[in-house]
There are 2 protein chains.
Amino acid sequence: MHFENLIKAIKERREMLQVTQETLSDLSGVGLRTLKQFERGKGNPTAQTLSKIADALGMELTFHVKKTHND
Amino acid sequence: MHFENLIKAIKERREMLQVTQETLSDLSGVGLRTLKQFERGKGNPTAQTLSKIADALGMELTFHVKKTHND
DNA sequence: CATAAAAGTGCTTTAAAAAGCACTTTTATG
DNA sequence: CATAAAAGTGCTTTTTAAAGCACTTTTATG
């Protein structure tokens, strides 16, 4: 799996806001267990779960074309 | 649910590349049924599914702080 | 308007995400 | 180094994502 970037972004944002996993769980409506697993790199959250977390943290989940050298 | 933006991005990218759902299914390793459901706005794909699709389309899934007016 | 390709759907099985509980471990802080 | 808060884990149940199959509908194209 390779969405460490997502994990990192969320974790950093959460810590920057000084919010605990438990509070984020409450704010987002995502189960504490799910949140913990996700931040640990275990599991494979659904788009809905990612979306709820993003919302609670004032973030956004986007898809964009990857920049390469030869385009 | 509100990740229509993700759906739109993928669909547009796929069509721009002139790739069928079936081909994208093959390229990405995501089941055809899953792909179809996703593009229809049904379902709730996992991060892994999103990631596979993104890879096949030369795209990237990212989390970023939402820009607001007052920040 | 025939027809072929692409897209969409109903059904089913299997795998695993989500959730909560009770517990342990790690990490600050005095 | 006590201790309290936060983070992490094993186990379980329920829900649902993923997948394939067979089929229908929609959409180009001649």
Side-chain angles (χ1 to χ4, degrees), chain A residues 1-68 70-71, chain B residues 1-68 70-71:
Chain A
M1 242 137 301
H2 38 27
F3 29 90
E4 293 82 9
N5 56 321
L6 298 183
I7 297 173
K8 195 155 164 274
I10 281 182
K11 211 167 166 178
E12 280 177 0
R13 175 73 172 163
R14 182 177 64 75
E15 285 166 357
M16 197 228 267
L17 295 174
Q18 306 211 67
V19 169
T20 65
Q21 290 178 335
E22 193 155 18
T23 302
L24 180 52
S25 170
D26 291 342
L27 291 176
S28 64
V30 171
L32 183 53
R33 202 46 165 56
T34 301
L35 211 52
K36 285 174 182 294
Q37 288 222 76
F38 177 45
E39 285 200 5
R40 276 273 99 188
K42 315 284 175 82
N44 179 18
T46 62
Q48 185 170 115
T49 293
L50 292 174
S51 180
K52 282 180 181 172
I53 295 171
D55 283 352
L57 293 174
M59 299 182 86
E60 218 170 10
L61 188 61
T62 61
F63 248 134
H64 57 86
V65 178
K66 214 175 196 167
K67 267 254 177 290
T68 61
N70 44 338
D71 59 355
Chain B
M1 242 136 302
H2 38 28
F3 29 90
E4 293 83 10
N5 57 322
L6 298 184
I7 297 174
K8 194 154 166 276
I10 281 183
K11 211 167 166 176
E12 280 178 359
R13 176 72 172 164
R14 181 177 65 75
E15 285 166 355
M16 196 228 268
L17 295 175
Q18 306 210 64
V19 168
T20 65
Q21 290 178 335
E22 193 157 18
T23 302
L24 180 53
S25 171
D26 291 342
L27 290 176
S28 64
V30 170
L32 182 54
R33 203 44 165 54
T34 301
L35 212 51
K36 284 174 182 297
Q37 289 221 76
F38 177 45
E39 284 199 5
R40 276 273 100 189
K42 316 284 175 82
N44 179 18
T46 63
Q48 184 170 115
T49 293
L50 291 174
S51 179
K52 282 180 183 173
I53 295 171
D55 282 354
L57 293 174
M59 299 181 87
E60 219 170 8
L61 187 61
T62 61
F63 249 135
H64 57 88
V65 178
K66 216 174 193 165
K67 268 252 177 287
T68 61
N70 44 338
D71 61 354

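Just so it is clear: chains get the letters A, B, ... in the order the sequence lines come, proteins before strands, and each one is counted from 1. Keep in mind that what you see is a predicted model, and the values were worked out from it rather than measured.
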What is the distance, rounded to the nearest whole Å, between atom [atom1] of [X] and atom [atom2] of [N]?
X	N	atom1	atom2	result
B:Glu39	D:dT25	CD	P	21 Å
A:Lys42	C:dA18	NZ	P	15 Å
B:Glu15	C:dA7	CD	C1'	11 Å
B:Gln37	D:dA18	CD	P	9 Å
A:Ile53	C:dA17	CD1	P	14 Å
B:Leu32	C:dA7	CG	C1'	9 Å
A:Lys11	D:dA6	NZ	C1'	12 Å
A:Glu22	D:dA7	CD	C1'	10 Å

Is [X] close enough to [N] that one of its side-chain N or O atoms is under 4.0 Å from OP1 or OP2 there?
X	N	answer
B:Thr49	D:dA17	no
A:Thr46	C:dA17	no
A:Arg40	C:dT25	no

## Note on the structure
Among C:dA17, D:dA7, C:dA7, the one nearest any side-chain atom of B:Gln21 is C:dA7
### Shortest side-chain distance from A:Thr20, nucleotide among D:dA19, D:dA6, C:dG8
D:dA6
In the structure shown, which nucleotide is the Watson-Crick or G-U wobble counterpart of [N], with both distances under 3.5 Å?
N	answer
C:dA15	D:dT16
C:dT25	D:dA6
D:dC1	C:dG30

### Message
When you compare the side chain of B:Leu6 with that of B:Ile10, does any pair of heavy atoms fall below 4.5 Å?
### Response
no
### Message
A:Phe63 and side-chain contact (heavy atoms from CB on, under 4.5 Å): which single residue from B:Leu50, B:Asn5, B:Thr62 fits?
### Response
B:Leu50
### Message
Test side-chain contact (heavy atoms from CB on, under 4.5 Å) on A:Gln21 and A:Arg14; report intermediate values, then the result.
### Response
CA-CA 8 Å; A:Gln21 290 178 335; A:Arg14 182 177 64 75; 3.7 Å; yes
### Query
Do NZ/NE/NH1/NH2 and the carboxylate oxygens of A:Lys8 and A:Glu12 come within less than 4.0 Å?
yes
### Task
Can you check whether any acceptor in the base of C:dG10 is under 3.5 Å from a donor in the side chain of B:Arg33, or vice versa?
yes
### Query
For B:Gln18, does the CD atom sit with more than 12 other heavy atoms under 6.0 Å from it, leaving out its own atoms?
no
